[in-house]
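In the text below, chain A, chain B and the rest are named by the order of the sequence lines, each starting its count at 1.
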Amino acid sequence: MTTTTNRPIPTPDERSAEFFRAAKEGRLLIKRCSNCGRNLAPQREACDACTSEALEWAEASGRGVVYSFVVMHQVLHPSFKDEVPYNVALVELDEGPRIISNLVGVANSDIRVGARVEAVFEDLSEEVAVPKFRTVAAD
Amino acid sequence: MAQAKAAIVGLGITEMGKVFGRSGTSLAIEAINLALEDAGLKKDDLDGLLINAGISNSIGLGLQNAGGFKGLRLLNHMNAAGSTACQMVQYASMAVQNGMANYVACVFADTPLAAPGASSGAAYGGAARAAAASGNGRPAGPPGWAGLNAHYGYFGVNIGYAMAARRHMAEFGTTSEQFGAIAVAERDWAVMNDRAQMRTPITIEDHQASRFIVEPLHLLDCCLVSNGAVAVIVTSVERAADAKASPAYVLAMAQGHPGDSRSAGDPHEVSTGAVIARETLYGQLGITAKDIDICELYDCYTYTVLVTLEDYGFCAKGEGGAFVEDGKLGPGGSLPTNTGGGELSAFYMWGMTPMSEGVIQARGGGGQRQVAKNDLVLVTGNGGILDYHASIILSPRPA
């Protein structure tokens, strides 16, 4: 999917470049502990189970559930002045980690905790795409 | 029952709320002076100073020289977010117990309201400010993960608490009206507090009709943003016996920091560090929740009160909504809670809001709102988004 968003466009840095590169290819990356195998959120730099810093990137299925969500009414950033109210969701991936994202293609009033979701990727520029989630039928 | 660990013998509270044109340092010095006066002490008696700045970061170690505090034997600038107030009193208690200092001032000051008319949301939307600073129109986001959150519109602390509240609602059937019952109870207390900024009684209907800040949180679920300062003076149990005013004794103290991996299996803020702290806190006195007379709970949001009550065992996990909806937290109720109006209706001085009211109630100085039975007053603080937690129990008696 492509966008005409007015929202801030992330700038990949050393720690996130691989994540954004994969997102551009339609793949959702998480981290996996090379020591104990635990799946971790992509931002983690150490394993919360064994504290190992030997983490590798792993591809997630992109599927999960809405663990929680909010509908934001405040305009704390000028890019969002025409977007309120907008949703922010905490998605629990099937692999375990929970990540912040937005739900697309669903009215805010129809969002439910526990709903099944899958990742879709929104192109923001030539270089950057970001994962968002759409609701899907329960398995 | 265990002996008290220390005592609070002085309390200073400045003017609160839309206080403009004064620095955090100025407010902090005034709060300390008021606390010294309350305690019947002179500045030279003070040999310890613990400092906690709020979101505006308007005080720091420079307070020592700005206030002319000389020859201190204890000094630190502490930050464990909203749990700091309880932590300062804990560290001060340990210091006076161990002979490191005689009288320790613990002070909090904040000036987040920059100018008349400035929005309080802006004061706490730091991430948004940082993002907005990077451009206009179609701004570039900050680098890396922060930019991802900015793209998703994840700004400020309101969203994190709303996320926790929503999860609690989904998991346990908690309702917005039940959050409203907390707001109503606190407002009913605020009516009797001259220092409270909001003193007009409200109803559940008012709560429901107030605008959404971040669903599921309404305006009346959220604390006030305030300028001001609060200080307390901590001393040893022995010295407290000679105090000018009646002391509030520190009977028990605890912390709890659960950690959150943001991964399946973690309760993610439907359970807090209070679960850890309560074992330590109650264990020191051999008591249970049933023995607590008054609660002064950190209430940056109505939800925080509800989850804290659960985690201190006043009701089972998930039953907080039903527990609070009968009005038991308000004046005349069976569990007087946030008896000054709390952060929701009185003023928001982080953990110093519940601390100051706990001291007032334990010393019997609550006037019209004084609760008759005040043997055990639970004071809690939480910081981060329910990440850090500290608590103490205050009492009019040293044992």
Side-chain angles (χ1 to χ4, degrees), chain A residues 5-17 19-20 38-44 47-49 64 66-80 83-90 92-102 108 112-114 122 124 128 130-132, chain B residues 119-122 124-132 134-156 158-171 211-219 259-266 268-270:
Chain A
T5 187
N6 197 38
R7 293 182 176 202
I9 296 174
T11 310
D13 61 6
E14 193 181 340
R15 293 196 175 92
S16 60
F19 176 88
F20 285 109
R38 184 170 171 86
N39 291 324
L40 306 159
Q43 295 88 348
R44 301 286 307 203
C47 177
D48 66 73
V66 176
Y67 184 81
S68 191
F69 72 98
V70 304
V71 177
M72 181 69 164
H73 288 252
Q74 288 178 298
V75 179
L76 293 179
H77 184 290
S79 290
F80 291 82
E83 292 215 40
V84 290
Y86 63 90
N87 74 69
V88 181
L90 186 58
E92 184 172 291
L93 300 172
D94 286 352
E95 291 80 8
R98 295 180 192 136
I99 60 173
I100 291 290
S101 191
N102 300 127
N108 291 334
R112 297 287 178 268
V113 170
E122 188 172 317
L124 302 179
V128 175
V130 295
K132 298 192 176 179
Chain B
S119 99
S120 53
Y124 273 76
R129 275 205 306 276
S134 63
N136 292 315
R138 188 188 168 108
W145 303 120
L148 192 60
N149 276 347
H151 178 79
Y152 293 140
Y154 191 101
F155 301 119
N158 288 337
I159 286 180
Y161 282 95
M163 203 74 87
R166 172 84 72 186
R167 180 67 198 180
H168 198 284
M169 295 167 87
E171 206 165 322
R211 65 185 164 90
F212 277 121
I213 299 298
V214 188
E215 291 177 62
L217 300 180
H218 291 266
L219 177 68
D260 186 350
S261 67
R262 281 253 175 106
S263 205
D266 269 5
H268 191 59
E269 282 133 27
V270 297

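For a residue to count as touching a neighbouring chain, one of its non-hydrogen atoms must lie under 4.5 Å from one of that chain's; by this rule R112(A) does not touch chain B. For F80(A), the part lying near chain B is the side chain, with the backbone staying farther off; criterion is any non-hydrogen pair under 4.5 Å. Looking at Y86(A), only its side chain comes within 4.5 Å of chain B, counting heavy atoms on both sides. Both the backbone and the side chain of D266(B) come within contact range of chain A, judged by heavy atoms closer than 4.5 Å. Heavy atoms of A17(A) lying under 4.5 Å from chain B are absent altogether. Heavy-atom distances place both the backbone and the side chain of Q43(A) under 4.5 Å from chain B.
Distance alone, capped at 3.5 Å, is enough to place a donor-acceptor pair between the S68(A) side chain and the M163(B) backbone. A donor-acceptor pair under 3.5 Å is formed between the side chain of H151(B) and the backbone N or O of P8(A). A side-chain donor-acceptor contact under 3.5 Å links S79(A) to the backbone of N6(A).
The aromatic rings of W145(B) and F19(A) sit perpendicular to each other, their planes meeting at more than 60°, with 30° as the lower class boundary.
Closest of all the heavy-atom pairs between F69(A) and N108(A) is CE1-O, 4.3 Å. Closest heavy-atom contact between R98(A) and G265(B): NH2-N, 3.6 Å. Closest non-hydrogen pair, V214(B) versus M72(A), comes out as CG2-SD, 3.3 Å.
Taking chain B as the reference chain and counting heavy-atom pairs below 4.5 Å, the highest number among D48(A), V70(A), D13(A), V130(A) is found for V70(A). Annotation: maximal heavy-atom pairing with chain B below 4.5 Å, among I100(A), N39(A), V113(A), occurs at I100(A). The greatest number of non-hydrogen atom pairs below 4.5 Å with chain A, out of A165(B), A170(B), S261(B), is found for S261(B). The candidate with the highest count of non-hydrogen atom pairs below 4.5 Å against chain B, out of S101(A), P97(A), A41(A), is S101(A).
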